[in-house]
2 protein chains.
Amino acid sequence: MIISTKGRYGLRAVFELAKAHGQGTMSIKSIAEMQDLSEQYLEQIFSKLKGAGLLVSTRGAGGGYKLAFDPKDIAVGKVLTVLEGELAPAECVGDDAAQCDNVALCTTHVIWQRIYDGFNDVIYSITLADMVDDYQKMLSSKPQAKDVRC
Amino acid sequence: MIISTKGRYGLRAVFELAKAHGQGTMSIKSIAEMQDLSEQYLEQIFSKLKGAGLLVSTRGAGGGYKLAFDPKDIAVGKVLTVLEGELAPAECVGDDAAQCDNVALCTTHVIWQRIYDGFNDVIYSITLADMVDDYQKMLSSKPQAKDVRC
DNA sequence: TTTAATCTTGACAAAATCGGTCGGGTATAA
DNA sequence: TTATACCCGACCGATTTTGTCAAGATTAAA
Ligand code: FES
Ligand code: FES
């Protein structure tokens, strides 16, 4: 399993924020309930996302979190990268790729690089707005599902 | 880091077998030395690959391992999948994808699916023979590198 | 003002996974 | 017979994962 619960739960939670974007804040409690997550675990996750500047919060009664940007300006990859760290299959690819002086001979490097590129292409080509769009389409054509395992 | 040492070391070790394919067997000891790996750890790795039918072994003095098939018939993805388990980003995609009855509503499913597909496209499109070819080309054009970190 | 809601922070911890090691086997060529 | 090599399962320390717990700070609403 490549993506840990932090990334998976986080994405589901942020999706709720995206759906409700423009309608004020949502509390952790309500999101945890909707997506069936632990409140305290979700606190950790949102705290990280806030630290990365993706969310803004307001304290006190009636407060909560909301997206710092429009859903169409937040890539799924950004959310996942914040929560999971850099999604690189090996040390030699990613932001610190420069330190690999072995591209010359290491025949596996090209493999890690291609995996990394493909992965990032996918997650940065989908935005939260895309997810909301998909959701709307699904809603109109399919019945409600129950248990979530992702 | 998506790929653990089992997968990365294993691929490097199998690459040695691919280079020497057709020239009999190689001992774990010699491969461990060439690729600077622990012998005992490599035993575990090869044992798994043998169990999956990718390697064949001969015991006793002068024995060792060799590939069960021609390098061009072994995909990198096969090696990685045996060593890492199924490379799926979430439970709902992969071989047991059928059990996810939530494709309807779960908007993250399409993301996991696309990651999974992209990943597998990459690793199953490269064979051990491709790696050897790359290696030959690199050898003739570049100097020998030293430290390996993958 | 008081209260309740809500975010904030840091510590703690069980369980799983990772990255191996250890100690014995067994088969076989020399 | 002996050295070489594969075979196999148990074990083990460190780290990561997946949370829980407790206390506090801020603010809206009653
Ligand atoms: S050492 Fe950089 S990819 Fe192998
Ligand atoms: S429940 Fe199957 S992908 Fe979410």
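Naming convention: chains lettered A, B, ... in sequence-line order (proteins, then strands); numbering from 1 in each chain.
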Asks: Give the rounded distance in Å between these two atoms: CD of B:Q44 and P of C:dT17.
Replies: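 That distance rounds to 15 Å.
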Asks: If you measure only the distance, is there a donor-acceptor pair under 3.5 Å linking the side chains of A:S57 and A:K50?
Replies: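 Yes.
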Asks: Nearest-Å distance, CD (A:Q40) to P (C:dC7)?
Replies: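 Whole-Å distance recorded here is 13 Å.
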Asks: Heavy-atom nearest nucleotide on DNA chain D for A:A61 versus A:E39: which residue maps closer to 5'?
Replies: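 Looking at DNA chain D, the more 5' nearest nucleotide goes with A:E39.
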Asks: Kindly say if A:S57 contacts the phosphate of C:dT8, meaning a side-chain N or O under 4.0 Å from OP1 or OP2.
Replies: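 Checking C:dT8 against A:S57, a side-chain N or O does come within under 4.0 Å of OP1 or OP2.
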Asks: I want to confirm an ordering. Mapping B:S38 and A:G63 to their closest nucleotides on DNA chain C, which one lands closer to the 5' end?
Replies: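 Nearer the 5' end of the strand: A:G63.
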Asks: Kindly determine whether A:E84 and A:S4 satisfy side-chain hydrogen bond (donor to acceptor under 3.5 Å, both in side chains), including the steps that lead there.
Replies: CA-CA 7 Å; A:E84 299 282 322; A:S4 75; 2.7 Å; yes
Asks: Starting at CD of B:E43 and ending at C1' of C:dG19, how long is that distance when rounded to a whole Å?
Replies: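 Going from B:E43 (CD) to C:dG19 (C1'), I get 15 Å.
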Asks: Grab the CG-P distance between B:L49 and D:dC6 for me, whole Å please.
Replies: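 Atom CG in B:L49 sits about 14 Å away from atom P in D:dC6.
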Asks: Let me know the distance between CD1 of A:I45 and P of C:dC7, rounded to the nearest Å.
Replies: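 So the CD1-P distance, A:I45 to C:dC7, works out to 14 Å.
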Asks: Cation over ring, A:K19 on A:Y135, under 6.0 Å and within 45°?
Replies: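 Judged by the rule (NZ or CZ under 6.0 Å from the ring centre, within 45° of its axis), A:K19 counts as positioned above A:Y135.
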Asks: Check whether any side-chain nitrogen or oxygen of A:Y65 sits under 4.0 Å from OP1 or OP2 of C:dT8, and answer yes or no.
Replies: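 So the side chain of A:Y65 is within the cut-off, an N or O lying under 4.0 Å from OP1 or OP2 of C:dT8.
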Asks: Counting only heavy atoms not in A:E33 (residues, nucleotides, ligands), do more than 12 fall under 6.0 Å from its CD?
Replies: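 No, because the 6.0 Å sphere around CD of A:E33 holds 12 heavy atoms or fewer from other groups.
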Asks: If you look at every strand shown and take non-hydrogen atoms under 4.0 Å, does B:T58 touch a base, only sugar-phosphate, or nothing?
Replies: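 Sugar-phosphate: the residue B:T58, judged by heavy atoms under 4.0 Å, touches backbone atoms but no base.
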Asks: With a 4.0 Å cutoff (strictly under), does any side-chain N or O of B:K6 reach OP1 or OP2 of C:dT17?
Replies: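 So the side chain of B:K6 is outside the cut-off, no N or O lying under 4.0 Å from OP1 or OP2 of C:dT17.
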Asks: Think A:Y9 has a side-chain N or O under 4.0 angstrom from the OP1 or OP2 of D:dG19?
Replies: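 For D:dG19, OP1 or OP2 has a side-chain N or O of A:Y9 closer than 4.0 Å.
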Asks: Using a cut-off of 4.0 Å on non-hydrogen atoms, how would the nucleic acid contact of B:F46 be classed: base, sugar-phosphate, or nothing?
Replies: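 Answer is nothing: B:F46 stays at 4.0 Å or more from every strand.
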Asks: Does A:T5 put a side-chain nitrogen or oxygen below 4.0 Å from OP1 or OP2 of D:dT17?
Replies: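 No, because none of the side-chain N or O atoms of A:T5 sits under 4.0 Å from OP1 or OP2 of D:dT17.
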Asks: How long is the line joining CG of B:L42 and C1' of C:dG19, in whole Å?
Replies: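 These atoms are roughly 14 Å apart.
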Asks: Is it true that A:S27 and A:Y65 share a donor-acceptor pair across their side chains at a distance under 3.5 Å?
Replies: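 No, no side-chain donor-acceptor pair sits under 3.5 Å.
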Asks: Measure from CG on A:L83 to P on D:dT17 and round the result to the nearest Å.
Replies: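 Computing the A:L83:CG to D:dT17:P distance gives 12 Å.
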Asks: Starting at atom CZ of B:R59, determine the distance to atom C1' of D:dA3, rounded to an integer number of angstrom.
Replies: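 My rounded result for the distance is 15 Å.
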Asks: Heavy atoms from C-beta onward define the side chain here; which of D:dA5, C:dT8, C:dG19 lies closest to that of B:Y41?
Replies: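 The closest nucleotide is C:dG19.
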